[in-house]
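Take a look at the structure below.
Numbers restart at 1 for each chain; the letters A, B, ... are given by sequence-line order, proteins then strands. Hydrogens, waters and symmetry mates are skipped; everything else that's a heavy atom, side chains included, is used.
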There are 2 protein chains.
Amino acid sequence: MPPGYCDPRRTAEGLPRPRRLLDKTDEAAREDADDAAAERVTMADTGTSDDTREKILRSALRLFTTQGFHATPTAQISRGAGVSTGALFHHFTDKATLTSEVYLAIKREMAADLREGDDMALPVRKRITGGIRRYIEWGVSHPEERAFLNLFYHSPNICDAVKDRTYADFRWLHDLCAEAVAEGVIRDVPHPVLFTVIVRTADGIVDLAAAVPPGTAREEVVDAGLAVIWHGIGAEGPG
Amino acid sequence: MPPGYCDPRRTAEGLPRPRRLLDKTDEAAREDADDAAAERVTMADTGTSDDTREKILRSALRLFTTQGFHATPTAQISRGAGVSTGALFHHFTDKATLTSEVYLAIKREMAADLREGDDMALPVRKRITGGIRRYIEWGVSHPEERAFLNLFYHSPNICDAVKDRTYADFRWLHDLCAEAVAEGVIRDVPHPVLFTVIVRTADGIVDLAAAVPPGTAREEVVDAGLAVIWHGIGAEGPG
DNA sequence: GTCTATACGTAGATAGAC
DNA sequence: GTCTATCTACGTATAGAC
């Protein structure tokens, strides 16, 4: 990873975060559910009702991504969280609502992470490059969250209206692109096309980067992807 | 759409196709299942066993994309196809197999369509541009098939090995890209990055184009998308 | 707020006639 | 090859004690 960007792991553990909810390393989340009893002991001192809620959300996230929505009984979700079915339905009215909550929590966390990485003092081009890098890093370090997002997004039966609820959190990114076009940093491409190209390409780079060992190889993939993006959208030559 | 490319509807109805299977307009497929009895009469003269199989596949496609996999009972699929549960399980060993067959049929048809649109006599750059256009046209005119592909691809519980079975059908596209790089038509970007950028961007353009009325507006979206792609990957300036 | 126990519906798949 | 009828099992969500 280039200078100015800290390791994703450091980011997840060291930086202040706006919400906890699903914010845990994959390893930690896995341990939680594999040994629900141990988890309960660990959480004993902070054993509020919110903890139960979060444990359920994490358990649902992991099971949905590995088994899918339909193949995951609510009983298994609650068991994975170390609580009972009754507790689950006390915190969430039904399975669909629980699923939506998982989605919203992930989206909010991702948006917050991108915002944290943004330095408004920098020129727009650097901000956009930084945003794309940060997005890629988040994706690589949050494979389960990303898998769930894809799963949920393409699933027709899971409440459509929920998808729109997070639009506002990413509004500033659209504005940032518009600013770049106004400044002549980005070619005058219709905004939907511009935004789609950036996000879809970045998303593809995440899959590529995740499939490659961390270090030089991964950096090369990211850099190559960024170069193609800027060749594509940049007003001038490569940068 | 630019010269040299026929209207998607003409493509679907007028050109010779290698397989029928799921190849029908959305409207026709919808009518089939909305009135299963009428369908049966229509098909009476050609009422082979293959027809039943195809009707089941089409019914499954439509229901999966509108309701999702888990929310679609096999009984509803067979009813939509105008046949019985028994008939469904005579043709497909189980629901998962049926789902895989839908996926494979769609992929094969898409691959065949792309191949048909390719003119090997043309220079590589034109062939690639043509392939991307054809891909976008196919996507716009096959929304259900595309929705299913996305649904299936991101679903963890549906047999993973199936995804790989269609790789060979698209192999030539990878070779085409490699050829373009060798000829200096495309910048020397690592192949996975190159291919990902093209496919992901094109896929995004499909969503954009589909959301816009056919005609000039849609053409502008496609042209803008192609311009960005070629700026991104092209060795020289825009084309 | 969390538990146990269970009601109620429904889904996938089979059996056996035609 | 297609049908009807059905078996078995499971999943969601609730009831009511603690």
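Annotation: cation-pi pair Lys163(A)/Tyr103(A) absent, no NZ/CZ under 6.0 Å from the ring centroid and within 45° of its normal.
Judged as a salt bridge (Lys or Arg N to Asp or Glu O under 4.0 Å), and not counting sequence neighbours, the contacts of Asp203(B) are Arg200(A), Arg146(B). In this structure, the ring-ring contact (aromatic ring centres under 6.0 Å, His included) partners of Phe195(B), at least two apart in sequence or on a different chain, are His174(B), His191(B). Residues passing the salt bridge (Lys or Arg N to Asp or Glu O under 4.0 Å) test with Asp164(A): none are found, sequence neighbours excluded. Remark: Asp175(A) pairs with Arg171(A) by the salt bridge (Lys or Arg N to Asp or Glu O under 4.0 Å) rule, at least two apart or across chains.
Straight-line distance from the CZ atom of Phe92(B) to the P atom of dT2(D): 11 Å, rounded to whole Å. As rounded to whole Å, 11 Å separates atom C1' of dT12(D) from atom CZ of Phe69(A). As rounded to whole Å, 9 Å separates atom P of dC3(D) from atom NZ of Lys55(B). The separation between His70(B) atom NE2 and dG9(C) atom P is 19 Å, rounded to whole Å. Per the geometry, CZ belonging to Arg79(A) stands 18 Å off P belonging to dT2(C), to the nearest Å. Nucleotide dA13(C) holds its C1' atom 13 Å from the CG atom of Leu98(B), rounded to whole Å. Rounded to whole Å, atom C1' of dA11(C) lies 13 Å from atom CG of Leu88(B). Note: NE2 (His90(B)) to P (dT2(D)) measures 6 Å, nearest angstrom.
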Problem set entry | Contact letters for nucleotides 13-18 of chain D, in which S counts primed atoms plus P, OP1 and OP2 and B counts the base, heavy atoms under 4.0 Å | BB----
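Proximity of His91(B) to the phosphate of dT2(D): a side-chain N or O atom is located under 4.0 Å from OP1 or OP2.
For Ser141(B) (side chain) and Trp138(B) (main-chain N/O), a donor-acceptor pair under 3.5 Å exists by modelled atom type.
Of all nucleotides listed (dG12(C), dT2(D), dT4(C)), dG12(C) comes nearest to the side chain of Pro73(B). Of the listed nucleotides (dC3(D), dT2(D), dC3(C)), dT2(D) has the atom at the smallest distance from the side chain of Thr52(B).
Arg218(B) and Ala209(B) get closest at one heavy-atom pair: NE-O, 2.9 Å.
Salt bridge status for Arg108(B) with Asp169(B): absent, with no side-chain N to carboxylate O gap under 4.0 Å.
Heavy atoms of Ser78(A) sit nowhere under 4.0 angstrom from any nucleic acid atom.
Looking at Val197(A) and Ile229(A), their side chains never come closer than 4.5 Å, going by heavy atoms from C-beta outward.
Defining each end axis of the helix from dG1(C)-dC18(D) to dC18(C)-dG1(D) as the rotation carrying four pairs' C1' atoms onto the next four, with five pairs an end, the two axes are found to diverge by 0° to 10 degrees.
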